[in-house]
2 protein chains.
Amino acid sequence: MNKTEARALPTAPPAGSPALPVRRATGDVRRRGRPHGRPQTKARILAAAEPLFLEHGYRATTLRAVAAAAGVDSALISYHFGSKRGLFGEVTQIQCARALDLTRAFTGDRDGLAERLLDLVTELWDEAEVNRLAVENEEVMRVFREYLEGEVLTRLAEYLGGHGATRRALAAVTLIGGLIFTRYLNPLPLAAALPSEEIRRTLAPALRAALAPTVRGPRTARATRPGV
Amino acid sequence: MNKTEARALPTAPPAGSPALPVRRATGDVRRRGRPHGRPQTKARILAAAEPLFLEHGYRATTLRAVAAAAGVDSALISYHFGSKRGLFGEVTQIQCARALDLTRAFTGDRDGLAERLLDLVTELWDEAEVNRLAVENEEVMRVFREYLEGEVLTRLAEYLGGHGATRRALAAVTLIGGLIFTRYLNPLPLAAALPSEEIRRTLAPALRAALAPTVRGPRTARATRPGV
DNA sequence: GGTTTTATTCATCACCGTTGAATATCCGTG
DNA sequence: CACGGATATTCAACGGTGATGAATAAAACC
């Protein structure tokens, strides 16, 4: 696909003196061995990797391209992060921490919970950049899974309480997961184009119903008791 | 990871006479050039590729392994399918056609639609095998996206009709997409463990609310007019 | 029967992620 | 201060990947 764009390593002139040190564009000569001072290489690699992963995705981002962007040898990535997965893991851990905190929605009255949840999710994910790189990598999927189950579902069930709290939380997580999936991870044009107020209007009834206490008896009326 | 399992190509003895034809385990000698009869090679490749993709996923399935399983040269895959993507595309097209037909849910009365949809989705996906290979490949994600938007959403909006039909269909698609996502594509343990009757019980209220006509005026009653 | 088209094998390509060896600096201990 | 690991870096290579072009043989066509 876009191979030509990400290609930046001419693999060095094969002939000539073999052990001649590479002269970078900046003019400094990279020698073997530990360099002087504290070059903060690990951070530089992370900073170089992040936009590349976001732009081209996991697969199409090569370690050699990251190394070139960071101005270091590609072997340093394996040295510092163990593997390409390891590097990606650290990058996405940064990314995810930014966008996965729903605590704000859990403070407030029970009645506005549905709207608060929807608004917060759209707000956080609209400006998060996890979107691109998420679907293709199973590490991200694992993080997201544990987030949905461990963070959202559990805390929601606690917040709700009462009869069938876990079931109601699961219904809500299904809807919220569906929102994130169809709007960010694998965006349907129609869902991605809607402004967040429209999202709230569209999904609030369903989310309210998901959160509402389930009827116990065989055929009770549809009254929603606010307490439990 | 499981490299040792899928490795089956000793890359041939490098020495010896160079153009000596390879002798297969079956005893037949593969010569160059077009073979006799109609070996149905394309179908054999597809049949060999399907279980490998399902077992090991897209990434870990190598063209050489598929070729070895099919008993042909690996270059034949590029010849017949263009690329690895092309092969994967044909395999998943078969897979998807099996599990993505919701017509059955759209025949019947409007009242039981929610339950019919939920039951059909769980029934189809429980026995479908798209699960494994789905998340990691963007081709599958594209198919799934077009399916959700083009097939489910459009037909649902037609079926519903009336005011805000598209909006209600979008809410339903969000929930159904969330179900497929959290139960099959990236299964949460809790959602995947539930039997389908529980799924119906859990999600039916939310899906009903999503499908229900939205109120027009500032504070109309919650009466559901069946026609429009 | 001769020509073109199609199907196959083989050798090879560029590139990928990873690893081992060589090397140079840092840092703690004497 | 001397010195000896520990650490950080470059370089060269390895095995494996998907793809491609040349050689070749059967089929299909006229």
Side-chain angles (χ1 to χ4, degrees), chain A residues 1 3-4 6-14 16-24 28-45 49 58-68 70-88, chain B residues 1 3-4 6-14 16-24 28-45 49 58-68 70-88:
Chain A
M1 297 296 179
K3 283 293 187 68
T4 54
R7 199 61 52 244
L9 297 194
T11 332
S17 43
L20 176 133
V22 182
R23 189 169 292 274
R24 295 293 198 284
D28 61 331
V29 178
R30 294 255 169 198
R31 288 193 219 55
R32 270 197 178 177
R34 182 169 186 158
H36 290 249
R38 298 217 228 283
Q40 305 252 97
T41 315
K42 206 170 169 182
R44 289 226 322 275
I45 292 175
Y58 178 79
R59 179 77 159 273
T61 301
T62 73
L63 290 189
R64 284 169 167 88
V66 172
V72 300
D73 191 278
S74 74
L76 260 187
I77 299 179
S78 293
Y79 176 75
H80 279 297
F81 301 95
S83 65
K84 188 183 182 184
R85 291 219 105 109
L87 171 63
F88 187 77
Chain B
M1 299 296 178
K3 285 290 187 71
T4 54
R7 199 63 53 243
L9 297 194
T11 332
S17 43
L20 176 133
V22 182
R23 189 170 291 274
R24 294 293 197 283
D28 63 329
V29 179
R30 296 253 168 200
R31 289 193 218 56
R32 271 196 177 177
R34 182 169 185 158
H36 289 251
R38 299 219 227 282
Q40 305 252 97
T41 315
K42 205 169 171 183
R44 290 225 323 274
I45 293 175
Y58 179 79
R59 178 78 157 275
T61 301
T62 72
L63 290 188
R64 285 167 168 87
V66 172
V72 299
D73 191 279
S74 72
L76 261 186
I77 299 179
S78 294
Y79 176 76
H80 279 298
F81 301 94
S83 66
K84 188 183 181 182
R85 291 219 106 109
L87 171 62
F88 188 78

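Naming: A, B, ... by sequence-line order, numbering from 1 per chain. Any value given below was found using the heavy atoms of this structure, including those in side chains, with hydrogens, waters and symmetry copies removed.
- Looking at every heavy atom in both residues, A:K84 comes nearest to A:T61 through NZ-O, 2.9 Å.
- Look at CZ on B:F81: it is 15 Å from C1' on D:dG18, rounded to the nearest Å.
- Residues passing the side-chain contact (heavy atoms from CB on, under 4.5 Å) test with B:R59 are A:Y58, A:R59, B:E136, sequence neighbours excluded.
- Across all strands, B:S74 comes closer than 4.0 Å to no nucleic acid atom at all (heavy-atom distances).
- Look at CG on A:L87: it is 15 Å from P on C:dC16, rounded to the nearest Å.
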How does protein reach along nucleotides 23-30 of chain D, written 5' to 3' as B (base within reach of a heavy atom under 4.0 Å), S (only sugar-phosphate), or - (no contact)? BBBBSS--

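- Contact annotation: B:T62 side-chain N/O to D:dG16 OP1/OP2 distance is not under 4.0 Å.
- Mapped onto DNA chain C by nearest heavy atom, B:R59 and B:T41 fall at different nucleotides, with B:T41 at the one closer to the 5' end.
- With rounding to whole Å, B:L76 atom CG is found 10 Å from C:dA7 atom P.
- Remark: B:Q40 CD to B:I45 CD1 distance equals 12.0 Å, nearest 0.5 Å.
- For the pair B:R64 CZ and D:dT17 C1', the interatomic distance rounds to 6 Å; values are reported in whole Å.
- Between its two ends, the helix from C:dG1-D:dC30 to C:dG30-D:dC1 turns its axis by 0°, counting five pairs per end and rounding to 10 degrees.
- One interatomic measurement links the two molecules: OH of A:Y79 to C1' of D:dT7, which rounds to 5 Å at whole-angstrom precision.
- By the side-chain contact (heavy atoms from CB on, under 4.5 Å) test, A:R34 is found to be paired with no residue, residues two or more places apart in sequence or in another chain being considered.
- C:dA21 atom C1' lies 13 Å from atom CG of A:D73, rounded to whole Å.
- Look at A:H80 and you'll find a side-chain N or O under 4.0 angstrom from OP1 or OP2 of D:dT9.
- Distance check, rounded to the nearest 0.5 Å: CG of B:L87 to CD1 of B:I77 gives 6.0 Å.
- The two residues B:L63 and B:S74 have their closest heavy-atom pair at O-CB, 4.3 Å.
- In this structure, the NZ atom of B:K84 is 15 Å from the P atom of D:dT20, given to the nearest Å.
- Scored by the side-chain contact (heavy atoms from CB on, under 4.5 Å) test, B:P39 finds B:P35, B:T41, B:R44 as partners (sequence neighbours excluded).
- Cation-pi geometry between B:K42 and B:Y79 is not met at under 6.0 angstrom from the ring centre and within 45 degrees of the axis.
- Counting to the nearest Å, the C1' atom of D:dA8 and the CD1 atom of A:I77 are 14 Å from each other.
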